[in-house]
Novice: 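One structure, pasted below without further comment.
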Amino acid sequence: MKLDTSGLESTSPFFGSGDELCPELSAAPSFSLPLSTDDTKATLKHAKGTTTLAFIFKEGVMVAADSRASMGGYISSQSVKKIIEINPYMLGTMAGGAADCQFWHRNLGIKCRLHELANKRRISVTGASKLLANILYSYRGMGLSVGTMIAGWDETGPGLYYVDSEGGRLKGTRFSVGSGSPYAYGVLDSGYKFDMSIEEAAELARRAIYHATFRDAASGGVASVYYVGPNGWKKLSGDDVGELHYHYYPVTPSTVEQEMAEVAGA
Amino acid sequence: MTKQHPAWSPYDNNGGTCVAIAGADYCVIAADTRMSTGYSILTRDYSKICKLADKCVMASSGFQADVKALQKLLAARHLIYQHQHNKQMSCPGMAQLLSNTLYYKRFFPYYSFNVLGGLDNEGKGCVYTYDAVGSYERVGYSSQGSGSTLIMPFLDNQLKSPSPLLLPAQDAVTPLSEAEAVDLVKTCFASATERDIYTANKLEIVVLNKGGIHREYMELRKD
């Protein structure tokens, strides 16, 4: 039986299309969704303008980050929390799209808690990073921008993973992510020793962030340093990088050769 | 293949500026009332401020159709919350709800730049600032919209509070009194109106304190 498919054919437009006076009227209505590279989206997204770092040493994991958020050339905030507290013994760092990192880290925190409730034990850093990496992999190619490090202390000791929105997941002992990372690596790699005390490691992390903010325009604000140990994480310091500059390089008063004096009267 | 630009965009920018300042026991939220498209003025008397809960007010600039849709959604969610919990939603709670609502449309965002102001559970003023896809932060003051690049540096100069990330922690709330904060907001808009074509006509100021909500208007340049 031949089916009547006339209804499926495209209907001719109400107005005559012969002249093509108004080609838009006869064309099928459509618009392409704003692409990631569209101007609107470009201003909506934060660039990976940031410096974050984390490393494992003898006493545990040290995590540090700056706090600047930039939208193009405009600094939208100098006080962004880039070290996200997933739970009392696990931290995540934020680089890339602020909303992406905030939302998915919070989602990861929820999943970790559900794991605890379902399995009556804390989730491992390996497991948590895998959960996040799998979510990000499923959104691969859709324009998420996440460059994060998951740092924590579980039954196997200190753990550190790098996870990004391309779907990558790497286990390691030293990472730095963001536009300021080359500068941070320089300071971090040259000063790193496995046998450091907590104070030495914190100072190394702080210096690395400071130097990155000094040279990278997209990094700045407050350098936060966190330590993750067997009892969970603890925030060690939060210093304004402007003040850190004068702390590391104090202004030495130079000898005054000529002094301007106020002229009385005139 | 060169990138083809779409012939039609689902977004438009209706302009305007919003500001919010948090005080020790009050919060000031303000926005201008001009709505534009391109170089034309659609109306001179459009409110960008929406009361979401007793202690929570939102001001949004950007694409007002998306703003209206967002306000309706949040109002509906708040109504459900009230039915389920028999109380009003707190400002920090509404802040998180707004962030999640914005992120759910991560791949077709609300073109809406929001500033949420209100009183937290202790009665202290709080201001939350957002980007279009939901990243948010509690701050002492904020401005969003076409005049924000003009107003923010001025607020930084007058109100710059110690960053909440500093350790030892320092209080972020402004030491100004309520009257001084309202005056500061009026000054901000008077200046922004001079240099931003989309900010003009009238300024709507909403003040939230323990006595409730109070609204006032100030005339701005109309050109």
Side-chain angles (χ1 to χ4, degrees), chain A residues 23-24 27 29-41 43-46 65-69 71-83 94 96-104 106-107 139 142-145 221-226 234-241 243, chain B residues 3-13 62-63 66 95-96 98-114 127-144 146 148-150 152-153 156 160-170 172:
Chain A
E24 292 111 56
S30 70
F31 68 88
S32 50
L33 283 176
L35 303 167
S36 312
T37 47
D38 195 28
D39 276 338
T40 333
K41 274 286 196 76
T43 47
L44 296 178
K45 264 201 326 192
H46 288 183
D66 74 316
S67 69
R68 176 174 290 187
M71 276 171 78
Y74 182 71
I75 297 174
S76 50
S77 175
Q78 286 274 62
S79 55
V80 176
K81 274 196 78 171
K82 294 192 188 177
I83 298 180
M94 180 203 294
D100 293 335
C101 291
Q102 272 186 8
F103 184 88
W104 290 112
R106 189 174 152 78
N107 185 274
Y139 284 98
M142 295 179 75
L144 291 187
S145 174
V222 168
S224 304
V225 180
Y226 282 67
K234 182 171 164 16
K235 180 162 182 176
L236 295 181
S237 69
D239 302 292
D240 184 282
V241 296
E243 284 171 30
Chain B
K3 180 171 172 281
Q4 289 177 347
H5 291 268
W8 179 77
S9 165
Y11 295 114
D12 187 18
N13 191 349
F63 181 37
D66 272 352
Q96 176 92 50
L98 174 55
S99 169
N100 284 331
T101 307
L102 290 169
Y103 198 81
Y104 285 146
K105 272 174 63 76
R106 169 67 175 77
F107 298 114
F108 185 12
Y110 289 107
Y111 195 84
S112 161
F113 296 96
N114 312 292
V127 168
Y128 292 89
T129 188
Y130 294 80
D131 71 356
V133 274
S135 119
Y136 77 116
E137 209 198 320
R138 180 171 177 174
V139 288
Y141 58 90
S142 177
S143 88
Q144 293 278 3
S146 55
S148 66
T149 46
L150 297 166
M152 254 335 235
D156 283 333
K160 182 75 189 271
S161 43
S163 169
L165 299 172
L166 291 174
L167 203 66
Q170 293 165 47

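So that the names make sense, note that chain A is the first sequence line, chain B the second, and so on, each numbered from 1.
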Novice: Using every non-hydrogen atom in the two residues, find where Ser135(B) and Ala99(A) come nearest and quote the distance to one decimal.
Specialist: CB-N, 3.2 Å
Novice: Distance check, rounded to the nearest 0.5 Å: Leu102(B) atom CG versus Phe103(A) atom CZ?
Specialist: 11.0 Å
Novice: What are the two closest non-hydrogen atoms of Leu166(B) and Val222(A), and how far apart are they?
Specialist: CD2-CG2, 3.9 Å
Novice: Would you say the side chain of Tyr103(B) lies within less than 4.5 Å of the side chain of Gln102(A), judging by non-hydrogen atoms?
Specialist: no
Novice: Please find the pair of heavy atoms, one from Val80(A) and one from Leu165(B), that lie closest to each other, and give the distance.
Specialist: O-CD1, 3.4 Å
Novice: Is it the side chain or the backbone of Phe63(B) that comes within 4.5 Å of chain A heavy atoms, both, or neither?
Specialist: neither
Novice: Which atoms of Ile83(A) come close to chain B, meaning under 4.5 Å heavy atom to heavy atom: side chain ones, backbone ones, both, or neither?
Specialist: neither
Novice: Select one option (side chain, backbone, both, neither) describing which atoms of Gln96(B) are under 4.5 Å from chain A's heavy atoms.
Specialist: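 Only the side chain of Gln96(B) comes within 4.5 Å of chain A.
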Novice: Working to the nearest 0.5 angstrom, can you tell me the gap between Arg138(B) CZ and Lys81(A) NZ?
Specialist: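 So the CZ of Arg138(B) and the NZ of Lys81(A) are separated by 13.0 Å.
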Novice: What part of Tyr136(B) gets closer than 4.5 Å to chain A, counting heavy atoms only: side chain, backbone, both or neither?
Specialist: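 Both the backbone and the side chain of Tyr136(B) come within 4.5 Å of chain A.
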Novice: Grab the two heavy atoms, one from Ser145(A) and one from Arg106(B), that are nearest each other, plus how far apart they are.
Specialist: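 In terms of heavy atoms, the two residues are closest at N-NH2, 4.3 Å.
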Novice: Distance from Met71(A) atom CE to Thr149(B) atom OG1, nearest 0.5 Å?
Specialist: 11.0 Å
